[in-house]
*Asks:* 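Here it is, the structure, as C-alpha cells.
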There are 2 protein chains.
Amino acid sequence: MEEVAKALKMGKSSIYYYFNSKEEIFDAVVLYEANILRNELTTAIKSVESPIGKMEKYVFVRMKSFEKLSNYYNAIFDKNLDHFEFIEKIREKYDREEIAILRLILYDGAKKKIFKVKNSEYTALAIQTTLKGLEVPLFWQKREVNIDQRLKAILDVLFYGIVLK
Amino acid sequence: MEEVAKALKMGKSSIYYYFNSKEEIFDAVVLYEANILRNELTTAIKSVESPIGKMEKYVFVRMKSFEKLSNYYNAIFDKNLDHFEFIEKIREKYDREEIAILRLILYDGAKKKIFKVKNSEYTALAIQTTLKGLEVPLFWQKREVNIDQRLKAILDVLFYGIVLK
DNA sequence: GAATAATCGACCAAAATATTCGAAATATTT
DNA sequence: AAATATTTCGAATATTTTGGTCGATTATTC
C-alpha cells in the first residue's frame, strides 16, 4: 500500500477513498490487464483466416502477452504463493471465456474439415490445461530458454494430433 | 527464515541449532561468496604481468563477479534498504582487503615507473570509491546498458590520469 | 541404554503492514 | 461568500508477518 501510495503521489489513506481494500485494487488491476489481453487475443484471431492459423496465433499471442502483463508477476510473485497456485487463482475468473474462444476456433476448424474434434468442450479444456501448464515454467525458469522454440514444438504436437489426415 | 527452512527441508527452529540469528546466516553467505570473489580476483591479477593489465583485470573481474554473486541481491534487495546504503553495509568488512590489493597493484606499477602515484593509500581509496559508485547503477539500472563499454570508458579515464607521460 | 546431537511444532514478542478515523484542505454548488 | 460535497491527509489502530524461543521428541553415538 505504501508503495502504491508513493507511485500515486498520494497519502496511503487517500487510496481507501477509492478502494475498499488492497485486494480490490489488485482485482481491478488484474481485470484491467485481462481486458487488454482479451482484446489482443480477439483481434489476433480475427487477423487470420485458417483455423490452424487462428490456433497458432492465439497460442502465441496469449503466451507472449502473459509475459508482458507482468504487473502481478512483479508485485506478488516473490514469495506469497506457490507459482502454480498463484496463476491458477488469478485466472479462475477468465477460464470460461478462454474456453469459449478455443471452442470457437475448434468448432470452426471442424466445420471446415480441418480439425478432427469429437467434443470441442473437452478438447478446448485440454488445450487450455496445456497452456496453463506452459505458463508455470515460463515464470519459473530462466528467461534464456527460447520460448518461441518451445511453443512451436508444442503447437506441432498439438496439430499433428489434431489435424485431419 | 521460513524460506530458508523450506529450502533446507528443515523446521524453522532447527536452523537455530546451527546459527544464532538470521544475520549470522547472512554473514556466512556473504563471507562465503566474498571468499570466492577474493580467489577469483587474486588469480586474475596473477594472470597478467603489467600493472595496467592487472588493474584492468581487477576492475573487470570485480564488477563481473559482483553481478554474478547475486545472492544478497535477490535475497535482500527488494525494498529493505536504499541500494547504496545496502551495498555500503555489506562491504564494510572487506574494504580493507580491497584497498590492500589495489595498493599493491599501484605500488608495483609505480616501482616499475608505469604509474605516477603520490600516495598509494589515497589513490587506492579513490579507485575503490569509484568502483563502489559504479556498483549502484549496476543494480539500479536496466541490464540492457552495456557494462563492458562503460567499464572501458572509466578505465580509460583512470589510466589517462594515472599513467606516466 | 545412557548421553549427546539434531529436529520439530507450538508459541511469543516485535516489526511490518493494512485499515480506520476525524479533521483539514480543496472543489463545487447555491 | 456561505454552504455543501469531495478529496486528501497524518495519526492512531487492527491485523499479519516474521524472527526467535522453549520444551519435548527423535536420531545417533559410545
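In what follows, every heavy atom counts, from backbone to side chain, and hydrogens, waters and symmetry copies are set aside. A note on names: the letters A, B, ... follow the listed sequences, proteins ahead of strands, and every chain is numbered from 1.
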*Asks:* With respect to the phosphate group of dT8(D), does any side-chain polar atom (N or O) of Y18(A) fall under 4.0 Å of OP1 or OP2?
*Replies:*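 Yes, within the criterion.
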
*Asks:* How many whole angstroms separate atom CZ of F19(A) from atom P of dT7(D)?
*Replies:*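 Rounded to the whole Å, the gap is 13 Å.
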
*Asks:* In whole Å, what is the span from the CE atom of M10(B) to the P atom of dG19(D)?
*Replies:*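 Interatomic distance, CE of M10(B) to P of dG19(D): 17 Å.
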
*Asks:* In whole angstroms, how far is the P atom of dT13(D) from the CE atom of M1(A)?
*Replies:*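 M1(A) atom CE is separated from dT13(D) atom P by 22 Å.
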
*Asks:* If we call it a pair only when both distances are under 3.5 Å in a Watson-Crick or G-U wobble match, what pairs with dT30(C)?
*Replies:*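 Looking at the geometry, dT30(C) pairs with dA1(D).
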
*Asks:* Between S14(A) and dT7(D), is there a side-chain N or O to OP1/OP2 distance below 4.0 Å?
*Replies:*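 False: S14(A) side-chain N/O out of range (4.0 Å or more) of dT7(D) OP1/OP2.
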
*Asks:* Give the rounded distance in Å between these two atoms: OH of Y16(B) and P of dC12(C).
*Replies:*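 Nearest whole value for this atom pair: 17 Å.
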
*Asks:* Rounded to the Å, how far apart are K9(A) NZ and dT7(D) P?
*Replies:*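 In whole Å, dT7(D) P lies 21 Å from K9(A) NZ.
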
*Asks:* From the options I105(B), V48(B), I52(B), select the one residue that forms a side chain to side chain contact (heavy atoms under 4.5 Å, CB included) with K57(B).
*Replies:*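 For K57(B), the side chain to side chain contact (heavy atoms under 4.5 Å, CB included) check succeeds only for V48(B).
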
*Asks:* Tell me the interatomic distance from E3(B), atom CD, to dT17(D), atom C1', rounded to whole angstroms.
*Replies:*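 E3(B) atom CD is separated from dT17(D) atom C1' by 12 Å.
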
*Asks:* Whether Y17(B) contacts dT7(C) is assessed here as follows: a side-chain N or O lying under 4.0 Å from the phosphate OP1 or OP2. Is that the case?
*Replies:*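 False: Y17(B) side-chain N/O out of range (4.0 Å or more) of dT7(C) OP1/OP2.
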
*Asks:* Once you round to the nearest 0.5 Å, how far does NZ of K12(A) lie from CE of M1(A)?
*Replies:*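 Here the interatomic distance stands at 10.0 Å.
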
*Asks:* Output the rounded distance in Å from NZ (K6(B)) to P (dG9(C)).
*Replies:*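 Answer to the nearest Å: 14 Å.
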
*Asks:* Does any N or O donor sit under 3.5 Å from an N or O acceptor when you compare the side chain of K12(A) with the base of dG10(D)?
*Replies:*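 When only heavy-atom distances are counted, K12(A) does not reach the base of dG10(D) through any donor-acceptor pair under 3.5 Å.
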
*Asks:* By nearest atom, which of the nucleotides dG10(D), dG20(D), dA18(C) is closest to the K22(A) side chain?
*Replies:*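 For the K22(A) side chain, the nearest candidate turns out to be dA18(C).
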
*Asks:* With V61(B) as reference, evaluate T42(B), L41(B), T43(B) under the side chain to side chain contact (heavy atoms under 4.5 Å, CB included) test and give the passing residue.
*Replies:*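 By the side chain to side chain contact (heavy atoms under 4.5 Å, CB included) criterion, V61(B) pairs with just one of T42(B), L41(B), T43(B): L41(B).
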
*Asks:* For residues Y16(A) and E24(A), is any side-chain donor paired with an opposing acceptor at under 3.5 Å?
*Replies:*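 E24(A) and Y16(A) do not have a side-chain donor-acceptor pair below 3.5 Å.
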
*Asks:* Any donor-acceptor pair under 3.5 Å linking the side chain of K54(A) with the backbone of I45(A)?
*Replies:*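 Checked: pair present.
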
*Asks:* How many Å lie between CG on N20(A) and P on dA14(D), as a whole number?
*Replies:*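 About 19 Å, once rounded to whole Å.
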
